[in-house]
Structure formats: structure tokens, C-alpha cells
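Here the structure is laid out as C-alpha cells; the discussion comes afterwards.
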Amino acid sequence: MFQKAFGDANITPDRIYKSIAQFGYTLISANSKYDKLKQNSASFTQSKLQGYQTFQQKCGSCHGTELFTGQSFRNIGFPINTNTNEAGRGRFIGIASDFMSFRVPLYGILNIRPLMEVSGSLLI
């Protein structure tokens, strides 16, 4: 993929960042079941309503807005990996409590599974 996108197969942190940013631009949702629900043109089945209520209870503290993000940064348990330069928000602002904190993802990215893996447990 890097060969096709950048002209050679060299993988660098800058290219990874650019790839993720470009991917984020493609996440557009305008006609999903949730969008239709918010437009009052559809309704949840009982099963989907229960799933949505569970989502609100377990995930709503971080994903509680219309776009499922409060634009906040959270550390969900990632340990600091000394074998990489990745450190989340802390790498950029230098505050120790922000190390391994990442932006809470937007609605569109929640359709991708698994979203993250922490200590062997897949999170969606």
C-alpha cells in the first residue's frame, strides 16, 4: 500500500500519520440506520434499542454526543511502549498525564472492528 500511495515501500511515522489522516477524511455517514433514526425517519428494533441503550450505559461517558465524540483525549489503559515513539497526545504537549491518551474517535470510525486492542482484549 505504501508503494502505491507514496511511490516506494518505505514506512515512516510521517507516512503512517498521513495515511491515517487521509483515511479519516473518507469516513462519511449520511444514510445509516442511526442517521435515519436521528432524522425521525426510522426506528430501532427492540434488539437494536437494547444494544443502543447498552452502548449509552457503557460507552456514553466518552461517546455521548451526536457524533459519538466529545473531542476529548482518553487513555483507555494503553501502557507506555518504550520501543516506539508513539505516546499519544503527551508526545505533543509534554504533559505526563496525557501520555498514551488518544482522541475519542468519531461516529464513522465506530463501524470498524476491532477499534483497539488492550492487553489482548479487543475493544469496539
Side-chain angles (χ1 to χ4, degrees):
M1 292 177 113
F2 281 85
Q3 175 73 37
K4 187 174 181 180
F6 297 103
D8 62 60
N10 190 20
I11 299 172
T12 66
D14 184 58
R15 287 181 171 183
I16 292 170
Y17 168 78
K18 288 177 180 176
S19 298
I20 292 170
Q22 190 64 38
F23 171 72
Y25 298 138
T26 69
L27 299 174
I28 299 170
S29 175
N31 202 27
S32 72
K33 179 78 169 189
Y34 178 76
D35 294 317
K36 291 177 182 176
L37 177 81
K38 297 309 283 181
Q39 298 164 4
N40 294 319
S41 63
S43 60
F44 280 142
T45 63
Q46 186 60 36
S47 175
K48 288 184 180 183
L49 178 59
Q50 288 174 327
Y52 182 64
Q53 290 169 339
T54 300
F55 176 84
Q56 288 178 311
Q57 293 166 358
K58 296 182 179 270
C59 308
S61 62
C62 296
H63 299 279
T65 66
E66 292 292 316
L67 294 176
F68 296 114
T69 181
Q71 300 297 323
S72 63
F73 290 81
R74 306 286 178 118
N75 181 335
I76 60 169
F78 287 125
I80 292 179
N81 183 349
T82 57
N83 296 324
T84 180
N85 287 330
E86 185 55 75
R89 185 176 189 214
R91 177 178 175 204
F92 299 99
I93 63 173
I95 297 174
S97 62
D98 280 336
F99 276 81
M100 300 313 290
S101 293
F102 297 88
R103 184 180 301 278
V104 174
L106 292 168
Y107 162 50
I109 203 164
L110 293 175
N111 295 319
I112 300 165
R113 292 178 181 86
L115 184 57
M116 294 185 175
E117 183 173 347
V118 178
S119 301
S121 299
L122 297 178
L123 304 175
I124 58 171

Q. Taking C-beta and beyond as the side chain, do F6 and I11 meet within less than 4.5 Å on heavy atoms?
A.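 No. Closest side-chain heavy atoms not under 4.5 Å.
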Exercise. Using side chain to side chain donor-acceptor pair (under 3.5 Å) as the criterion, list what pairs up with S72, not counting sequence neighbours.
Key: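 S72 satisfies side chain to side chain donor-acceptor pair (under 3.5 Å) with R74 once adjacent residues are dropped.
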Tell me, please, which residues at least two apart from K18 pass side chain to side chain donor-acceptor pair (under 3.5 Å).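 For K18, the residues satisfying side chain to side chain donor-acceptor pair (under 3.5 Å) (neighbours in sequence not counted) are D14.
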Look up atom CZ in F73 and atom CD1 in I95, then write down how far apart they are to the nearest 0.5 Å.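 Interatomic distance, F73 CZ to I95 CD1, rounded to 0.5 Å: 11.5 Å.
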| said: Between F55 and L49, is there shared hydrophobic-cluster membership here, with clusters defined by ILVMFWY side-chain heavy atoms closer than 4.5 Å? | reply: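 Yes; tracing contacts between hydrophobic side chains, which count when under 4.5 Å, links both residues.
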With R15 via salt bridge (Lys or Arg N to Asp or Glu O under 4.0 Å) - residues at least two apart: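 Checked R15 against salt bridge (Lys or Arg N to Asp or Glu O under 4.0 Å); matches are D8.
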key: Pairs flagged by side-chain hydrogen bond (donor to acceptor under 3.5 Å, both in side chains) wherever residues 41-54 is involved - sequence neighbours left out   =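 Checked against side-chain hydrogen bond (donor to acceptor under 3.5 Å, both in side chains) - neighbours excluded - the pairs reaching residues 41-54 are Y52-Q56.
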- Where F44 and L37 come nearest, the two heavy atoms and their spacing: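 In terms of heavy atoms, the two residues are closest at CE1-CD2, 3.2 Å.
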>> Could you report the tightest heavy-atom contact between F2 and N10, atom names first, then the distance?
In response: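 Closest approach of F2 to N10, heavy atoms only: CD2-O, 4.0 Å.
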